[in-house]
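See structure below.
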Amino acid sequence: IPVDGFDLVIFGGTGDLARRKILPGLFRRFCAGQMPEDARIIGAARSEMDDAAFRETVAEAIREFGGAQGADEALAEAFLERVGYEHVDATGETGWESLKGRLRDGVVRAFYFSVAPSLFGALAERLRSFGLADDESRVVVEKPFGKDLETAKALNATLAEHFDETQIYRIDHYLGKETVQNLMAVRFGNMLFEPLWNAQYVDHIQITVAETVSVAGRGSYYDTSGAMRDMVQNHLMQLLCLIAMEPPARFNPDAVRDEKLKVIRALDPVDHHQVVRGQYEADDTQPGYRTHVDDLRSTTESFVALKCHISNWRWAGTPFYLRTGKMLRSRTSEIAVVFKDAPHSIFGPEAGTHRNVLAIRLQPNEGMTLGVTIKEPGPGGMRLVDVPLDMTFAEALGPDAEEVPDAYERLIMDVIRGNQTLFMRGDEVEAAWAWTDPIIAGWKRRGDVPKPYDPGSNGPEDALMLMHRDGRKWREIK
Ligand code: BG6
């Protein structure tokens, strides 16, 4: 279904995110027929170039990142007709009047801030003072949304001077991932799971976001951030919220975000013995973290594992284990709900112990697996075996199902539709920082040094110990 007509201005339109994600994502929505005739995309940045030169860079981005249709020249041409460029000085006067001249009345106006957070204030102020934005316009802001509670509050305050909260779309692209939304469908669209979704039946929950990429090429940002700020404070905490929240009364922005916020506020402070930091080393073929960030003494973490508790009626007593890192064995992101043992085995000790695990895979092979225990087939008596009820979405929905849209595609379309459900509210972001800040401050205070780990491994040994101590085990990263 096509969305309404729009003018989307991308500040930072020549940057990496625009090139890899935003522009190719818009192209794919165009190919899917979701972009109406009167949709315009205007790149805005510091470089001086004309429409034609910008279209050339967009054409390249589409060829490289636009998926199967990226090679279709006719489609690309048709898309590029909607694309323009304006040279704008975010902190000066240049380009603003001219940009304003390009905007039309009667369509949705959205402004995407794909720039450093230090420019948010200047952009927001100029959008208003030059009369480009009004009370109906939308602004989209990227992470990192600050680097701690104080800076996030300042950013929220700056944006609030010019825009109402209902106009601000804070992106966490994990919320746009197909499986993440499916998590809500599974929890709240079925009778089967929700009655068991609590500390009485769930032994623990594991959330893993393992990556194989290094930080090469973005070391100067990453080294000031680390895995805690880059991944845990946003992506992993959002997953935690969706898995742990109470059922919202409606699937609408504030109902969902209120429930997520309650989860964050119910998180206990984390004891420093329950956190493990790691940093990848060099191996025979490639340099290690410190070379990638060009600081041979860096103590920033490229890996974090931690155990936390949510102190509320539903979850008291059920630990949540979170881990994420770069340069690990494989790219695997999943949430695993590990249920408790059956209270009594009627099959005797030789049947062994068996646990149901619901594993929700974010990537790759988005889908879900429910481990169930059945009788081992054959005449050998009552021996039990665990088998997966496997549902890979691509398989279940068949080859004709539309290609799963990338998270950015979906989220940008939600901006045009005016649906904030999958965007973070200001108070949520602040609450998340309020939880992670003391962990980071503790590292600094104690002069904590991350544990080294080998590239291609599962992270540092201590992360395994975090679970072993509790008689539990991480699921394999494979
Ligand atoms: C970004 C982080 O937000 O998410 C990156 O800054 C990380 O460090 C990326 O690599 C992971 O996203 P995805 O969609 O590839 O899992």
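As the structure lists them, so they are numbered: ligands from 1, and atoms in each ligand from 1.
Exactly one residue among Val180, Val263, Val202, Ile205 makes a side-chain contact (heavy atoms from CB on, under 4.5 Å) with Ile243. That residue is Ile205.
Between Arg257 and Asp427 no salt bridge is recorded (no basic side-chain N to carboxylate O distance below 4.0 Å).
Between Leu239 and Val209 there is a side-chain heavy-atom pair separated by less than 4.5 Å. The shortest distance between side-chain heavy atoms of Phe65 and Lys21 does not fall below 4.5 Å.
Within the structure, salt bridge (charged side-chain N to carboxylate O under 4.0 Å, His left out) contacts touching residues 294-305 (residues at least two apart or in different chains) are Arg277-Glu301.
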Short N or O separations between ligand 1 and the protein, below 3.5 Å:
unit_1: ligand 1; atom_1: 3 (O); unit_2: Lys143; atom_2: NZ; d: 2.7
unit_1: ligand 1; atom_1: 3 (O); unit_2: His235; atom_2: NE2; d: 2.7
unit_1: ligand 1; atom_1: 4 (O); unit_2: His235; atom_2: NE2; d: 3.4
unit_1: ligand 1; atom_1: 6 (O); unit_2: Lys143; atom_2: NZ; d: 3.0
unit_1: ligand 1; atom_1: 6 (O); unit_2: Arg218; atom_2: NH2; d: 2.9
unit_1: ligand 1; atom_1: 6 (O); unit_2: Asp230; atom_2: OD1; d: 2.6
unit_1: ligand 1; atom_1: 6 (O); unit_2: Asp230; atom_2: OD2; d: 3.4
unit_1: ligand 1; atom_1: 8 (O); unit_2: Arg218; atom_2: NH1; d: 2.7
unit_1: ligand 1; atom_1: 8 (O); unit_2: Asp230; atom_2: OD2; d: 2.6
unit_1: ligand 1; atom_1: 8 (O); unit_2: Lys326; atom_2: NZ; d: 2.6
unit_1: ligand 1; atom_1: 10 (O); unit_2: Glu211; atom_2: OE1; d: 3.4
unit_1: ligand 1; atom_1: 10 (O); unit_2: Glu211; atom_2: OE2; d: 2.5
unit_1: ligand 1; atom_1: 10 (O); unit_2: Lys326; atom_2: NZ; d: 3.1
unit_1: ligand 1; atom_1: 12 (O); unit_2: His173; atom_2: NE2; d: 3.1
unit_1: ligand 1; atom_1: 14 (O); unit_2: His173; atom_2: NE2; d: 2.8
unit_1: ligand 1; atom_1: 14 (O); unit_2: Lys177; atom_2: NZ; d: 2.6
unit_1: ligand 1; atom_1: 15 (O); unit_2: Arg331; atom_2: NH2; d: 3.1
unit_1: ligand 1; atom_1: 16 (O); unit_2: Tyr174; atom_2: OH; d: 2.4
unit_1: ligand 1; atom_1: 16 (O); unit_2: Gln363; atom_2: NE2; d: 2.8

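For the pair Lys177 and Tyr174, the cation-pi test (distance below 6.0 Å, angle within 45°) is passed.
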